[in-house]
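Input: a single structure, listed below in structure tokens.
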Amino acid sequence: MKWTLMRLLLRTVGQLSEGIRIGYRHGFDSGTMLDYVYADEPHGRLGLGKLIDRGYLNAVGWRAIRARRALLHDVLREEVSARAGRALILDVASGPGRYLQDLAKEQPETQVVCRDLTPDGLALGEKQAAARGLTNIVYEQGDAFEPAPLDRPADIVVVSGLYELILAEEQISKSVARLRDLLAPDGVLIFTTQTRHPQLEFIANVLPNRDGALWVMECRSVQQAHGWAREAGFEDVVSRMEKVGLFAVTTAQNAGVASSR
């Protein structure tokens, strides 16, 4: 009864909030939803909607998502700087890739490739990048778990916000191994994981994902994340927690020989 009531409230009064409307239209786990959360600007109808939206955007999970983005941006900036500002970055599940646009603006000699399965997020990203006059970022459709090779090996491969959505751990470990094949010998894989979330039960019983099913997430420890990377042959595996304390950002250095998996 509790979850039924919550679903009813969100589908009625909640629709005054632009963020909640986007969640029901595209999925609360979608790249379009994350792009809205990153912007952190409440919108809504009839005045009340904006207040609801502000509360929605202040939820602990979304605050952690924004903190994850800030940490990820810092880690990427460090890796690009280590390559004298010249790097090829591939994000295999980017959505619109707002934070990657910020990086492309800062580092004009760095090339960024954004891939995603969802056309809506890619179209939004292309529109945003064009409005900012960015020529060093491209958008293309692609499957993160069956990644097509680039014209040359990537210096940095990013997986942000994807493994948190995958329930089968074997699928994640296989993905980490496949992504190593896309990296240059001195390349780095950067991926995020969710170590805990205080609202898992609410989300799993109320919020739909991009496929229209209830959004069920799996939390994993930093030790599990390090295990996937080391099993795939990566070295110097290091994780950092964002300031809210729900997500880890992990860097894994390529050992120099492709895994051929």
Side-chain angles (χ1 to χ4, degrees), residues 27-31 33-34 37-38 59-79 89-95 97-100 114-117 143-145 147 154 156-180 182-183 187-204 207 209-210 215-254 259 261:
F28 285 87
D29 65 337
S30 67
M33 182 76 266
L34 289 187
V37 169
Y38 288 154
V60 63
W62 294 143
R63 286 191 281 110
I65 287 285
R66 290 191 290 271
R68 183 186 72 185
R69 174 203 181 192
L71 175 57
L72 184 59
H73 188 99
D74 289 344
V75 171
L76 276 169
R77 187 186 289 116
E78 291 172 6
E79 292 294 338
I89 301 174
L90 169 64
D91 189 318
V92 298
S94 67
R98 185 185 292 263
Y99 76 97
L100 291 167
C114 293
R115 288 181 180 168
D116 205 284
L117 276 177
D143 186 343
F145 294 103
I156 303 167
V157 172
V158 182
V159 192
S160 176
L162 177 63
Y163 293 158
E164 294 90 325
L165 309 179
I166 304 303
L167 301 183
E169 189 168 349
E170 182 181 359
Q171 187 178 7
I172 299 174
S173 60
K174 287 181 178 179
S175 170
V176 172
R178 288 192 183 106
L179 293 177
R180 188 179 162 219
L182 302 182
L183 281 167
V188 61
L189 173 65
I190 303 174
F191 64 95
T192 67
T193 47
Q194 183 172 250
T195 60
R196 67 181 187 89
H197 197 303
Q199 297 176 321
L200 282 180
E201 188 180 11
F202 168 80
I203 293 168
L207 304 183
N209 63 19
R210 69 189 74 187
W215 180 11
V216 179
M217 292 184 286
E218 185 76 26
C219 293
R220 274 107 179 186
S221 68
V222 168
Q223 289 73 23
Q224 285 175 285
H226 287 200
W228 304 330
R230 292 193 178 110
E231 182 182 344
F234 286 97
E235 297 178 347
D236 298 327
V237 184
V238 177
S239 292
R240 294 185 236 178
M241 296 296 298
E242 43 76 19
K243 62 182 181 181
V244 180
L246 305 190
F247 294 96
V249 175
T250 300
T251 58
Q253 301 292 330
N254 195 359
S259 64
R261 298 190 191 187

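Please read these numbers as outputs of a predicted model, since none were measured by experiment.
- Residues L165 and N209 have side chains not in contact (no heavy-atom distance under 4.5 Å, counting atoms from C-beta outward).
- Scanning all heavy atoms of the two residues, the minimum distance from H197 to C219 falls at N-SG, 3.8 Å.
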Quiz item: So L90 and R115, side-chain contact (heavy atoms from CB on, under 4.5 Å) or not? Walk me through it.
Solution: CA-CA 8 Å; L90 169 64; R115 288 181 180 168; 3.8 Å; yes

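- Here the side chains of I172 and F191 are not in contact, with every heavy-atom distance at 4.5 Å or above.
- No side-chain donor-acceptor contact under 3.5 Å links T195 to the backbone of F247.
- Under a 3.5 Å cut-off, the side chain of R210 and the backbone N or O of D29 do form a donor-acceptor pair.
- R240 places no side-chain N or O within donor-acceptor distance of the main-chain N or O of V75, the cut-off being under 3.5 Å.
- Minimum heavy-atom separation, C114 to L100: SG-CD1, 3.7 Å.
- A donor-acceptor pair under 3.5 Å links the side-chain atoms of Q224 to the main chain of S221, judged by distance alone.
- Side-chain N or O atoms of E169 include none that pairs as donor or acceptor with a backbone N or O of S173 at under 3.5 Å.
- Taking 4.5 Å as the limit, some side-chain heavy atom of R68 sits within range of a side-chain heavy atom of L34.
- The minimum heavy-atom distance between A204 and V216, with the atom names listed, is CB-CG2, 4.1 Å.
- Nearest heavy-atom pair across G245 and R196 is O-NE, 3.3 Å.
- A pairwise comparison of heavy atoms in S175 and A144 identifies OG-O, 4.3 Å as the closest pair.
- S94 contributes no side-chain N or O that, together with a main-chain N or O of D116, makes up a donor-acceptor pair within less than 3.5 Å.
- Side-chain N or O atoms of Q194 include none that pairs as donor or acceptor with a backbone N or O of E164 at under 3.5 Å.
- Both tests pass for R69 against the ring of Y38: distance under 6.0 Å to the centre and angle within 45° of the axis.
- For the atom pair OG1 (T192) and CG (L162), the distance works out to 8.0 Å, reported to the nearest 0.5 Å.
- Within the 4.5 Å cutoff, the side chain of F234 has no heavy atoms near those of the T250 side chain.
- Of all heavy-atom pairs between L189 and L183, the closest is N-CD1, 3.9 Å.
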